[in-house]
Amino acid sequence: MSELFHVGISGARGKMGRAVDLVLDARSDVMVAARFDRGETPDLSRCDVVIDFSMAEASVALAAACARAGAPALVIGSTGFSPEQDAALATAAERIAIVRSGNFSLGVNILIGLVEHAALRLDARDWDIEISEAHHRRKVDAPSGTALMLGEAAANGRGRDLNDLRSPPYDGVGEARETGRIGFSSTRAGGIVGEHTVLFASEDEILTLSHSAIDRSLFARGAVAAAAWVRTRRPGLYDMQDVLGFRQA
């Protein structure tokens with residue numbers, strides 16, 4: 001029988017928080033030790049790991065609180081972090097183990113690898129890359145964290161930094177596409193769970209790689225798997241490539 005571990009849920013009343021709660025409830029090796037939302041003060045001492053689907057600002061504050069306490073470990077699914085907030089998470093990861101990902105789906109993480117390999121093999125002079133994503137109307141950041149992860153994978157495949165290749169939105173007269181750039185487009189509508197498409201297009205052919213999320217439970221299951229993995233790890237900043245064993249230690 002697996003060792004029982006205790007989980008806190010940050011953003012517990014949100015859609016993802018409720019989905020995580022349902023996944024945890026179905027497992028015999030987990031006990032929910034705390035449920036809380038932004039503005040509430042949880043008892044972190046009762047938790048081995050906290051799963052956080054809130055907002056960037058709240059996630060940074062939670063990471064700092066966990067670091068001050070020296071525990072618990074943390075799984076972060078929030079997106080839309082500024083460079084300063086990224087730096088704050090890295091500082092917290094010097095004291096605690098953190099898994100941070102813009103997407104906890106196994107399928108998406110496989111897609112990231114495929115995108116990087118395709119970008120490596122398709123000449124940037126001949127192949128344009130466009131990344132499109134669609135989410136529900138309440139999502140507050142754009143492009144999505146997953147879209148940016150896909151963009152980073154494409155840029156890595158081309159041996160460049162995404163900041164150097166990211167194209168501004170196409171708008172107005174004379175906004176011709178620049179060779180080698182990576183474009184993004186976002187849709188916010190209704191209750192769309194998550195759609196991501198990476199388009200590689202040449203003059204002669206089009207390659208489309210895509211992923212569709214059908215239910216939020218797939219992200220919750222991935223986050224819970226990450227929580228089970230990270231609770232025994234040394235301090236550091238990890239992602240799903242580490243959790244899934246795709247990256248060598």
Side-chain angles (χ1 to χ4, degrees), residues 2-104 135-141 144-146 216-240 242-243:
S2 300
E3 179 186 356
L4 184 71
F5 65 102
H6 298 79
V7 177
I9 305 175
S10 171
R13 287 189 286 274
K15 288 183 180 294
M16 277 306 306
R18 295 197 299 271
V20 167
D21 211 343
L22 288 173
V23 171
L24 291 174
D25 188 56
R27 292 181 59 139
S28 61
D29 60 340
V30 179
M31 178 177 291
V32 177
R35 297 177 178 87
F36 58 96
D37 280 280
R38 185 168 57 170
E40 299 175 350
T41 304
D43 182 0
L44 296 175
S45 67
R46 300 165 55 199
C47 305
D48 298 310
V49 59
V50 174
I51 299 175
D52 170 48
F53 283 95
S54 55
M55 299 181 69
E57 182 180 356
S59 297
V60 169
L62 176 60
C66 292
R68 286 193 297 271
L74 190 57
V75 173
I76 298 176
S78 308
T79 58
F81 291 85
S82 69
E84 293 76 18
Q85 290 169 331
D86 286 337
L89 289 182
T91 298
E94 296 173 3
R95 299 280 306 278
I96 60 171
I98 299 175
V99 172
R100 175 189 167 191
S101 180
N103 195 303
F104 285 94
H135 284 85
H136 55 86
R137 62 167 66 112
R138 292 167 297 280
K139 188 169 178 60
V140 297
D141 58 308
S144 68
T146 300
R216 287 181 178 81
S217 63
L218 74 93
F219 306 123
R221 285 193 296 273
V224 171
W229 181 89
V230 76
R231 66 191 176 92
T232 60
R233 301 295 158 172
R234 295 173 181 267
L237 192 58
Y238 304 96
D239 61 23
M240 283 300 285
D242 298 299
V243 174

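Every heavy atom of this structure was used, including side-chain atoms; hydrogens, water molecules and symmetry mates were not.
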Short side-chain to backbone donor-acceptor contact, S217 and A220, under 3.5 Å: no
Test item: S144 and K139 side chains (from C-beta on) under 4.5 Å apart, heavy atoms: yes
E40 atom CD, neighbour heavy-atom count above 12 within 6.0 Å: yes
Audit row: I9, L24, side chain to side chain contact (heavy atoms under 4.5 Å, CB included) steps and yes/no: CA-CA 10 Å; I9 305 175; L24 291 174; 3.8 Å; yes
Side-chain touch V99/D242, heavy atoms, less than 4.5 angstrom: no
Sub-4.5 Å side-chain heavy-atom contact between L89 and I76: yes
pair R46-H6: side-chain heavy atoms closer than 4.5 Å: no
Side chain proximity check, C66 to L44, heavy atoms < 4.5 angstrom: yes
Test item: M31 and L4 side chains (from C-beta on) under 4.5 Å apart, heavy atoms: yes
Closest non-hydrogen atom pair, P235 against E94: CB-O, 3.7 Å
Given T146, I51, V243, V75, the one that forms side-chain contact (heavy atoms from CB on, under 4.5 Å) with F104: V75
Sidechain N-carboxylate O distance under 4.0 Å for D239, R100: no
Check: V50 and L62 side chains under 4.5 Å, non-hydrogen atoms: yes
Residue pair F81, V60: steps toward the side chain to side chain contact (heavy atoms under 4.5 Å, CB included) verdict: CA-CA 9 Å; F81 291 85; V60 169; 3.9 Å; yes
S78 side-chain N/O to S54 backbone N/O, donor-acceptor pair under 3.5 Å: yes
Side-chain touch V23/D21, heavy atoms, less than 4.5 angstrom: no
Neighbour count above 12 (heavy atom, 6.0 Å) for R137 CZ: no
Exercise: identify the closest heavy-atom pair between R233 and A97: O-CB, 3.7 Å
Step-by-step side chain to side chain contact (heavy atoms under 4.5 Å, CB included) determination, S10 to F36: CA-CA 5 Å; S10 171; F36 58 96; 3.5 Å; yes
Verdict with reasoning, I96 to I98, per side chain to side chain contact (heavy atoms under 4.5 Å, CB included): CA-CA 6 Å; I96 60 171; I98 299 175; 3.9 Å; yes
Salt bridge R13-D37, side-chain N to carboxylate O under 4.0 Å: yes
CZ-CZ distance between F219 and F53, expressed to the nearest 0.5 angstrom: 8.5 Å
From R18 atom CZ to R216 atom CZ, the distance as rounded to the nearest 0.5 Å: 9.0 Å
Considering all heavy atoms, the nearest G222-M240 contact: O-CE, 4.2 Å
Lys/Arg N to Asp/Glu carboxylate O, R27 vs D25, below 4.0 Å: no
Spacing of CD belonging to E3 relative to OG1 belonging to T232, to within rounding of 0.5 Å: 9.5 Å
